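Beneath this line is the structure, given in structure tokens, with notes to follow.
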Amino acid sequence: MTVSIPARMAKSTLEDRHGRRFEYLRLSLTDVCNFRCSYCLPDGYRKAHGAPSNMSGEEIRRLVAAFAELGLWKVRLTGGEPTLRQEFIEIARTVAGVEGIRKVAVTTNGYRLAERAQSYADAGISAINISMDSLKPERFRAITGHDRLNEILAGIAACRAAGLSSVKLNSVLLKGLNDDELDDFLAFVVEHDLTLRFIEVMRTNDNPGYFAAHHLPGAYVSERLETLGWQKQARQAGAGPAIEYTNPDGPGRIGIIAPYSKDFCASCNRLRVSATGKLHLCLFGDAGIELRPLLQLDSQKNELVERLQRLVATKAPSHLLHQGNSGATPHLASIGG
Ligand code: SAM
Ligand code: SF4
């Protein structure tokens, strides 16, 4: 007698039709942010009229458990500013406690980080990316709307003292605004033995004029690194789209996230879910796919797992940024950058 295996058991991974496997979820906890980064929320956060509520801790637990059943093991909490969510610590602990989740990371603007780093580590967060777009206090204020550079520097030290195993910086390098700080960033990274990722500014629905004025291709950074003798690292199997460089003379690592570069999407290994429970197969895709109705009961898990598999299989091979199409994303805070 032949026994038929249910579709879900036969394939316990998340893959699309282009051979990409997804083991990494970027989960937004809120679209609220207290900063006003000039490329993201230049006028500050504004609540959309009639916006749905954020997923509860229980909904998040069910969501992450379904992904984990499909082999996903890393979750990054993001936003908006994820740490503004009142139940941030409880949610981080819940996600870290889901069977199969091996790494919980957070991306933060560093708000109140020095005083909170230990509580993040205690909740099970092991990796943190801190955004820092300038090493000059006045410029930092001009780009983010907040005079908090010193607070962020203290936060970096606190994360290390708290024993977080990975502490990285994110910087958006912007033509005419902070591109003259490239060498200062490199020196900072070497001095503090840090990893910094330069993110190429991305065009979203809200920022086309800003993008045209300040976009710098990732090649600007890679050319400088190569001139200074930094060494490009071979891509590890399963690694994300960052191009990594090491410093031959000592500590410090640089990553470059260049979404406009050729083949960027070929190594895509991530999925996104917005704070209100919409699956975004691409940061620059359409309005997102509603998952919330399947997050209401533990007994819906199998249905959710099957739906995730079916949806992920349809992920498009590439974004359409080169055609000037940045999808439906007004700004990255809206779905989780
Ligand atoms: N608020 C947190 C923060 O700033 O780290 C997390 C969310 S934020 C959307 C995540 C990352 O996206 C930050 O490093 C930010 O600099 C980056 N970002 C936001 N808008 C961007 C854009 N249009 N282009 C490139 N990076 C962007
Ligand atoms: Fe807020 Fe992060 Fe957007 Fe800056 S980049 S406005 S900190 S969500």
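Remember, it's 1-based here, ligands and their atoms both numbered in the order they're listed. Note that the structure is predicted; figures quoted are calculated from it, not measured.
The residue among Thr30, Leu174, Ile199, Asn109 with a heavy atom at the shortest distance from atom 26 (N) of ligand 1 is Ile199. Of the candidates Cys37, Gly80, Cys33, the one placing a heavy atom closest to atom 1 (N) of ligand 1 is Gly80. Remark: among candidates Tyr39, Phe211, Phe35, the nearest residue to atom 18 (N) of ligand 1 is Tyr39, based on non-hydrogen atoms. The heavy atom nearest to atom 8 (S) of ligand 1, out of those in Gly79, Ser28, Pro82, is found in Gly79.
Heavy-atom minimum distance, Gly218 versus Ile256: CA-CG2, 3.9 Å. What you find for Arg85 and Ser56 is that their closest heavy atoms are NH2-CA, 4.2 Å. For the pair Ile254 and Phe198, the tightest heavy-atom approach, listed with the atom from each and the gap, is CG2-CD1, 3.8 Å.
Counting only N and O atoms by type, the side chains of Arg76 and Thr107 include a donor and acceptor under 3.5 Å apart. Judged by distance alone, the side chains of Asn34 and Asn109 do bring a donor and an acceptor atom under 3.5 Å apart.
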(request) Dump the intermediate steps for ring pair (Phe, Tyr, Trp, His ring centres under 6.0 Å) on Tyr210 and His215, then the final yes or no. (result) CA-CA 8 Å; Tyr210 185 97; His215 175 248; over 10 Å; no

(message) Please determine whether side-chain hydrogen bond (donor to acceptor under 3.5 Å, both in side chains) holds for the pair Glu59 and Gln296, giving the CA-CA distance in whole Å, both sets of side-chain angles, and the decisive distance to 0.1 Å.
(response) CA-CA 7 Å; Glu59 288 172 308; Gln296 302 314 306; 2.8 Å; yes

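Side-chain contact check for Arg21 versus Asp16: every heavy-atom pair is 4.5 Å or farther apart. The shortest distance between side-chain heavy atoms of Leu27 and Leu63 falls below 4.5 Å.
At least one N/O-N/O distance between Ser131 and ligand 1 falls below 3.5 Å. Ligand 1 has no N or O atom lying under 3.5 Å from any N or O atom of Thr204, backbone or side chain. The N/O atoms of Thr108, backbone and side chain alike, include one that comes under 3.5 Å of an N/O atom in ligand 1.
At least one N, O or S atom of Cys33, from either the backbone or the side chain, sits less than 2.8 Å from atom 1 (Fe) of ligand 2.
Scanning all protein heavy atoms for the shortest distance to atom 12 (O) of ligand 1 gives Leu332 CD2, 4.1 Å. Scanning all protein heavy atoms for the shortest distance to atom 24 (N) of ligand 1 gives Met202 N, 2.8 Å.
Close contacts of ligand 2 with Cys37, meaning ligand atoms under 4.0 Å from a residue heavy atom, involve 4 (Fe), 5 (S), 6 (S), 7 (S). Close approach to Val201 involves these atoms of ligand 1, each under 4.0 Å from a residue heavy atom: 24 (N), 25 (C). Numbered from 1 in the order shown, with element, the atoms of ligand 2 that lie under 4.0 Å from a heavy atom of Phe35 read 6 (S), 7 (S). Atom numbering of ligand 1 starts at 1 in the shown order; those under 4.0 Å from a heavy atom of Glu81 are 1 (N), 2 (C). Residue contact check: Ala333 has heavy atoms under 4.0 Å from atoms 8 (S) of ligand 2. Short contacts between ligand 2 and Gly80, defined as distances under 4.0 Å to a heavy atom of the residue, involve ligand atoms 8 (S). Short contacts between ligand 1 and Asn170, defined as distances under 4.0 Å to a heavy atom of the residue, involve ligand atoms 14 (O). The atoms of ligand 2 that sit less than 4.0 Å from any heavy atom of Cys40 are 3 (Fe), 5 (S), 6 (S). Close approach of ligand 1 to Thr78 is summarised as follows: ligand atoms under 4.0 Å from at least one heavy atom of the residue are 6 (C), 7 (C). In summary, the atoms of ligand 1 found under 4.0 Å from a heavy atom of Asn207, numbered by their order in the structure, are 23 (N). The atoms of ligand 2 that sit less than 4.0 Å from any heavy atom of Asn109 are 7 (S). The contact set between ligand 1 and Val172, taken as ligand atoms under 4.0 Å from a residue heavy atom, comprises 16 (O), 26 (N).
Side-chain rings of Tyr120 and Phe88 approach one another, their centers coming within less than 6.0 Å. Ring centers of Tyr24 and Phe67: at least 6.0 Å apart, outside the cut-off. The ring of His146 has its center no closer than 6.0 angstrom to the ring center of Tyr111.
Not a single heavy atom of Gly79 sits closer than 4.0 Å to an atom of ligand 2. For Glu200, the closest heavy-atom approach to ligand 1 falls below 4.0 Å.
Taking a cutoff of 4.0 Å between a charged side-chain nitrogen and a carboxylate oxygen, Arg36 and Asp43 do not qualify as a salt bridge.
Both Leu182 and Tyr245 are assigned to one and the same hydrophobic cluster, defined by single-linkage of ILVMFWY side chains at heavy-atom distances under 4.5 Å.
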